[in-house]
Amino acid sequence: MEVKKHWTNTELADVFERIANLMKIQDEMVFKIRAYERAAESLRALGEDASVLAQRGELTQVPGIGKAIAEKIEELLTTGKLGFLERLEQEVPPTLLDLLRIPGVGPRKAALFWKTLHITTLVELEKAAREGRLRSLPGMGEKSEKAILDGIAALAERSQRMTLVRAWSLAHRWLEWLRAQPGVERAEPAGSLRRWKDTVGDLDLVIATRDSVPLMEAFVHHPEVKRVLGQGENKSSVELLDGARIQVWTQPPESFGALWMYATGSKDHNVRMRELAQRQGLSLSERGLTDEEGNLRRIASEEEGYAMLGLAWIPPELREDRGEVDAAREGRLPRLIELQDIRMELHTHSTWSDGAVSIEEMVRAALARGYHAIAITDHSSYMGIVRGMKPEDVLRQREEVEAVRHKFGEQILILHGAEVDIRADGTLDYPDEVLEQLDIVIASLHASLRQPREQITARVLNALRNPHVDILAHPTGRLLPDRAGADLDWGQIYPALQTSGVALEINASPYRLDADDVHVRHAASLGIPIVINTDAHAPVGMDEMVFGVSVARRAWLTAPQVVNTWTREALLEWLKRRGSA
Ligand code: DGT
Ligand code: CA
Ligand code: ZN
């Protein structure tokens, strides 16, 4: 059997769930619908790749997958399409499925709106509700009409993905719970979380145990579980009351390495790894490596697993199929920057603008983290949005900085800087006479982020042309998990950074992570210095450095490429070359 597109079990399950929902709207017979739902559940819980099982002709051995479903899976795997679903979508407009995401709207209501008012989309439904056309339908009223409008508004706000900070705190809590369960020898994070992707869809947690079934029972019956999406012996997934999704995978300890590799992904990395194994006549699964005679060699640790395929262990942050497998084979994986390499914080706020504590307290916080330098960079007074500093405040602030310097002496280098707004017309918030008195200048966009590409790019280029600017902060202004940032033309930003010598910021806030890994990697490859800034507004803010470092790692950066790892002398030297120190 030839497989054209790679289908994950989740994608296959989504297809059958889609069929089941369309049939519900169609008011099909319950037992037919149930068969598709069962297929979706068992695919979600399946430990092995359905595509691999299909190649071996073993799909029908999976509980919940009969001959008819197996044929549909094979059709999807070989042709990338499913005739049955296509015909179904001719009968029931698939956009109706969007209506099911509204709380209180099930297939019956969706069918009602469709058949009586010819509504097929969320937009049409919202319009009808606004115009009061729903309330007179059978089983509806003014109240339920209002509930639908509220539900649509809430949908728009709710994101399907989590920020890294939310995902990690959830993961720590669940790992603790899992580790306390009987028979659990090890429990670790996997999936996009372990790769530190900027947002996380569902949490993947992997477990070494010889006693999986009772563990899975306990997991799906945990009091925080709202809905079981799939339950199997080696894999179960649930939706929690707050909407987050968790997937738990198990293997006996001898196969833990294989499982951890598999569940960490990414999918593209796994595909690349499987190809590598295939070239050696092996098949790689979440249990281990199987040779052509069918002998399984289990993989207990990831290091062993990679070594068995002739590779150095690959840090999870690199597992995105961006050249890491070749680099691991050729022994040229980078020595990635680590949190301990960070020795300074160059973007912080105090009570002089919108920070929570005094300059002295921020300096103490930096010292407590073992840093040898800190920059105090309060906001300029743009548009009065935050309590920014007027040019005359900057001069008064300098006196306080001097006093704090006097107090701490050689212990720490204190730079007096500012975060200056790039105004909507591209000019900076302070005149050059003020900028030239500062030790370090950060330029950033805060307002009018929706300007057209040409205009917003020109704004940034203008700021980069000012010789006093040292750092371009959170360049796009995006807000995670789902508010996109400015539409910058990076093709112009990179060369401008290069010629100006301005450093590109990785803003470490888990709500920003801006610039992102892809842009940072490219910038660093051009020799542009990268600086990781927490933009702390209080001492605890400095703890977010770890998220910024994760972006740098995903961008393949080594410590010397990141300004924060430098010595004081190197920092001052760089600033002097920039002309502002
Ligand atoms: P997410 O949850 O959207 O943030 O992204 P991931 O990377 O956590 O993806 P997810 O949760 O769909 O799957 C977790 C890992 O499991 C993924 O990184 C790779 C692996 N995986 C899932 N399904 C398949 C599959 O069908 N084939 C292979 N080779 N790997 C898969
Ligand atoms: Ca995931
Ligand atoms: Zn800031």
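No hydrogens, no waters, no symmetry mates; every other heavy atom, side chains included, goes into these values. Keep in mind the model is a prediction, meaning the values are calculated, not measured. Ligands are counted one by one from 1 in listed order, and the atoms in each one are counted from 1 as well.
Residues E361 and S358 have side chains that bring a donor and an acceptor to within less than 3.5 angstrom of each other. Side-chain N/O atoms of R319 and S266 include no donor and acceptor closer than 3.5 Å. D204 and W249 share a donor-acceptor pair across their side chains, judged by distance under 3.5 Å alone. Residues E419 and S444 have side chains that bring a donor and an acceptor to within less than 3.5 angstrom of each other. Remark: the Y262 side chain and the D49 side chain contain an N/O donor-acceptor pair separated by less than 3.5 Å. With 3.5 Å as the limit, one finds no donor-acceptor pair spanning the side chains of D202 and S237. In the model, H379 has no side-chain atom that pairs as donor or acceptor with a side-chain atom of D421 under 3.5 Å. Donor-acceptor pairing under 3.5 Å is recorded for the side chains of T534 and E345. Side chains of D439 and H416: no donor on one and acceptor on the other come within 3.5 Å.
Comparing G191, S192, G201, A263 against atom 15 (C) of ligand 1, the shortest heavy-atom distance belongs to A263. Of the listed options K235, R195, K267, R195 places a heavy atom closest to atom 7 (O) of ligand 1.
Between E400 and R396 there is no salt bridge, since no side-chain N of the basic residue sits under 4.0 Å from a carboxylate O of the acidic one. The pair E11-K267 meets the salt-bridge criterion, since a charged nitrogen lies less than 4.0 angstrom from a carboxylate oxygen. A salt bridge is absent between K81 and E75: the closest approach of a Lys/Arg side-chain nitrogen to an acidic carboxylate oxygen does not fall below 4.0 angstrom. A salt bridge links E302 to R194: at least one charged side-chain nitrogen sits closer than 4.0 Å to a carboxylate oxygen.
For atom 21 (N) of ligand 1, the closest heavy atom belonging to the protein is Y262 CE2, 4.1 Å. Closest protein heavy atom to atom 27 (N) of ligand 1: D49 OD1, 2.9 Å. From the protein, the heavy atom lying nearest to atom 29 (N) of ligand 1 is R274 NH1, 3.1 Å. Of all protein heavy atoms, the one lying nearest to atom 30 (N) of ligand 1 is N270 ND2, 3.2 Å.
Contact atoms of ligand 1 toward V200: 4 (O) (distance under 4.0 Å to a heavy atom of the residue). Short contacts between ligand 1 and T8, defined as distances under 4.0 Å to a heavy atom of the residue, involve ligand atoms 23 (N), 24 (C), 25 (C), 26 (O). Taking every heavy atom of W249 and a limit of under 4.0 angstrom, the matching atoms of ligand 1 come to 16 (O). Atoms of ligand 1 found under 4.0 Å from any heavy atom of N9 (numbered from 1 in listed order, with element): 26 (O). Taking every heavy atom of G265 and a limit of under 4.0 angstrom, the matching atoms of ligand 1 come to 17 (C), 18 (O), 19 (C).
Taking the six-membered ring where the residue is Trp, the centroids of H537 and H347 are separated by 6.0 Å or more.
Atom OE1 is the N, O or S atom of E419 at the shortest distance from the Zn ion (ligand 3).
For T264, the heavy-atom gap to ligand 1 drops under 4.0 angstrom. Distances from ligand 1 to the non-hydrogen atoms of R161 include at least one value under 4.0 Å. Residue contact check for ligand 1: T10 places no non-hydrogen atom closer than 4.0 Å to it. Within the structure, the closest approach of E11 to ligand 1 does not fall below 4.0 Å when heavy atoms are considered.
The shortest N/O to N/O separation between K197 and ligand 1 does not fall below 3.5 Å. Checked against a 3.5 angstrom limit, the closest N/O atoms of Q247 and ligand 1 fall outside it.
Using a 4.0 Å threshold on non-hydrogen atoms, atom 12 (O) of ligand 1 does not count as touching the protein. Put simply, atom 9 (O) of ligand 1 has no protein non-hydrogen atoms near it, under 4.0 Å away.
H349 contributes NE2 and D535 contributes OD1; the angle these two atoms make at the Zn ion (ligand 3) is 80°, rounded to 10°. Angle O(D202) to the Ca ion (ligand 2) to OD2(D204), rounded to 10°: 100°.
If you look at D202 next to ligand 1, the close heavy atoms, those under 4.0 Å, come from the backbone and the side chain alike. Contacts between D204 and ligand 1, counted as non-hydrogen atom pairs separated by less than 4.0 Å, involve the side chain only.
Checking H379 against the Zn ion (ligand 3), every N/O/S atom stays at or beyond the 2.8 Å cut-off.
When every heavy atom of Q437 is checked against every heavy atom of R398, the shortest pair comes out as O-NH1, 2.9 Å.
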